[in-house]
Chemist: 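What follows is a structure written as structure tokens; I'll ask about it next.
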Amino acid sequence: MKKLVFILVLLSVFGTVNADIERDLKLLRESNTRDSGQAFRLIQDLQSRWDEFESDEQKARFYVQESYFYILKSESQKAKKPLRLLLQLADVSEDSRLAAYSLLSQIYMGLNEYQKAFNYLFDGLSIAPRIKDESLQFNSYYAAANVFVELEAFDEALEYVHKANEIAVAMNDNRNQCYAKALVASIFLNQDDATDHEGRLKDVIDYCKGLNLLVIDAHLYKNLAQNYLNHDQLEKSELAYSTALKISADNGYLPDVLQIKLGLARVFLETGELEKAKVYIDEVLQVTAVQEAGVNRKDATELLAKYYDKSNNHTEAYRVLSELTVIQDEMLAEQASKNLAYQKVKYAHLDQNAQIKILDQKNKLLALTSQVEEQSKRNFQLLLVIVLILLTGICLWLWRVKKQKERYRKLSQIDALTNTLNRRYALKLAHEVHHNSLINNSRYCVIIFDLDYFKTVNDRFGHAMGDWVLKKVSDCVKERIRPVDVFGRLGGEEFIVILPQCTSDDAKKFIERCAEAFKEIEHAKLPSDFTVTASFGVAAKSNGESLEELIIEADNAMYQAKRNGRNQTQVY
């Protein structure tokens, strides 16, 4: 599942200002999304005319647009400097501070400084409701929705993007409605890649046509191409990716450009045009070696391994897979850090708000008590009723906070489709098993298995049936593991099982029980001769192997089982 944070074009604030400066600020705002060369020249020109600025508020508008220019260039360090200067200005409105908070939250997310990012995000959301400038309210909610997309908290993302869209509709602002509609379409695509979203994406492309928002146009075509690729429509996917790349030639948002090139590489790997794929993979790796690493570098490394595998260069494929394991571990640690920072900041703000609400309630109670003391016993009974209502409300609010915290914890650990452990949390528990084995000098086994011919199930019976098979397979395994075992989904139809205190013979017996259970999976819409089978790879810890080495060994053993004819077990 892939994700993108759209950075907003923040609109101007009100005031009587120098006409020439005002004209150039408006032109700078428009150039940021159309002509980066002209935007840079305008920034230099306005900096040279700094004495012509007539107010701190006007300077704040310039700082916002200068920061936005560097954000689109993925130069985060340069992007945050103007916003820091903005917050040091003495006479600026809450509107301008909200604009700075929104952009700083995006910048620090890109710099992996998550606690600062979430602090700025919640600082902005706390003042957004009292901002009179509807465009800035839109930007604040829209920025929050993008952060929730990165956290894969899609329900919260949809909540805030719908708030943003309601403001855009009330303003009759087609550009902002385009931003909101594009983000909604992206959320649905990331949330459910099994469904065909072509109609929704084309509707948004048609809506945004003619608004001259090249960054959004490129992003929409990239998502349309991804949708085609998800459904094996390779020619349509290549055409859509090529269109997106052409639009991004001069003004593309760098993460989108990298994802477009990775998408084309995936298409060419599928069509067998390996050298074309290699060109795009190398381009992405060259960029991500310096900036915009993370998921783009991980995806490029994964595609490079597939390229070497398809080129029968298995030595290089193994080397790149080893690099991929390191990158994935780093990303897991980074995601855990991001989630921890988010939870910490969020609940710190919630607790702060709760304290304010409790103090407000106490003040109200004191006022009511003073009034009741001057009234009769009949009014005193009314006070008790009010107190009970207030306390009930506080208790309900605290209960809701607790349930929300539990929900986020579960979302960070469980695979939504199969209700098993997700890749990140399964590997975290696997590391704990490995650590315990080193302390206790004990053995454990790593099993990786992949369902055979699973693509055939999707092609013949549909993705809904494929999802059903994945759930049934997961249920079969969960019924046969021990409480100390670790079972999770690595992705697609590939799963991992960690068996503490077990030898390879124990692992083979466990696999036999699972394989027998798979054969008993039945469905009325499946042919009577249809059986679910899997290829299993086993690696057992014997001496000082690392967990990563065992996972690679088990993965290689699983691929050997597939090459040997599938529906069998291979011990490394």
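Small disclaimer: the values here were computed from a predicted structure and weren't measured.
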Chemist: What residues form a ring pair (Phe, Tyr, Trp, His ring centres under 6.0 Å) with Y307, not counting sequence neighbours?
Modeler: none
Chemist: My understanding is that only residues two or more places apart in sequence, or in another chain, count here; which of them pass side chain to side chain contact (heavy atoms under 4.5 Å, CB included) with K310?
Modeler: L269, L274
Chemist: Restricting to pairs with a member in residues 534-572, which pass ring-ring contact (aromatic ring centres under 6.0 Å, His included), not counting sequence neighbours?
Modeler: F449-F536
Chemist: Enumerate the salt bridge (Lys or Arg N to Asp or Glu O under 4.0 Å) contacts for residues 462-475, please, sequence neighbours excluded, ordered by first and then second residue.
Modeler: D475-K478
Chemist: Can you name the residues that form a side chain to side chain contact (heavy atoms under 4.5 Å, CB included) with E273, not counting sequence neighbours?
Modeler: F268, T271, K276
Chemist: Show me the donor-acceptor pairs, under 3.5 Å and distance only, between side chains in residues 312-323 and residues at least two apart or in other chains.
Modeler:
from : atom 1 : to   : atom 2 : distance (Å)
N313 : OD1    : E316 : N      : 3.3
H314 : ND1    : D309 : OD1    : 3.4
E316 : OE1    : R319 : NE     : 2.9
E316 : OE1    : R319 : NH2    : 2.6
E316 : OE2    : R319 : NE     : 3.4
R319 : NH1    : E323 : OE2    : 2.5
S322 : OG     : Y318 : O      : 3.1

Chemist: Holding to disulfide bond (SG atoms under 2.5 Å apart), I want the full list of residues that pass it with C514, two or more places apart in sequence or in another chain.
Modeler: none
Chemist: Using the test ring pair (Phe, Tyr, Trp, His ring centres under 6.0 Å), find all partners of H523 that sit at least two apart in sequence or belong to another chain.
Modeler: W468
Chemist: Please, which pairs that meet salt bridge (Lys or Arg N to Asp or Glu O under 4.0 Å) have at least one residue in residues 224-240, sequence neighbours excluded?
Modeler: D232-K455
Chemist: For S105, which residues count as a side chain to side chain contact (heavy atoms under 4.5 Å, CB included) partner, sequence neighbours excluded?
Modeler: Y120, L121
Chemist: With sequence neighbours excluded, tell me which residues meet side chain to side chain contact (heavy atoms under 4.5 Å, CB included) with I481.
Modeler: V477, D485, F487, F510
Chemist: Name all residues meeting the disulfide bond (SG atoms under 2.5 Å apart) criterion together with C208; count only those two or more places apart in sequence or in a different chain, and write none if there are none.
Modeler: C178
Chemist: Of the options I414, L470, N422, L421, which is the one that meets R489 in a side-chain contact (heavy atoms from CB on, under 4.5 Å)?
Modeler: L470
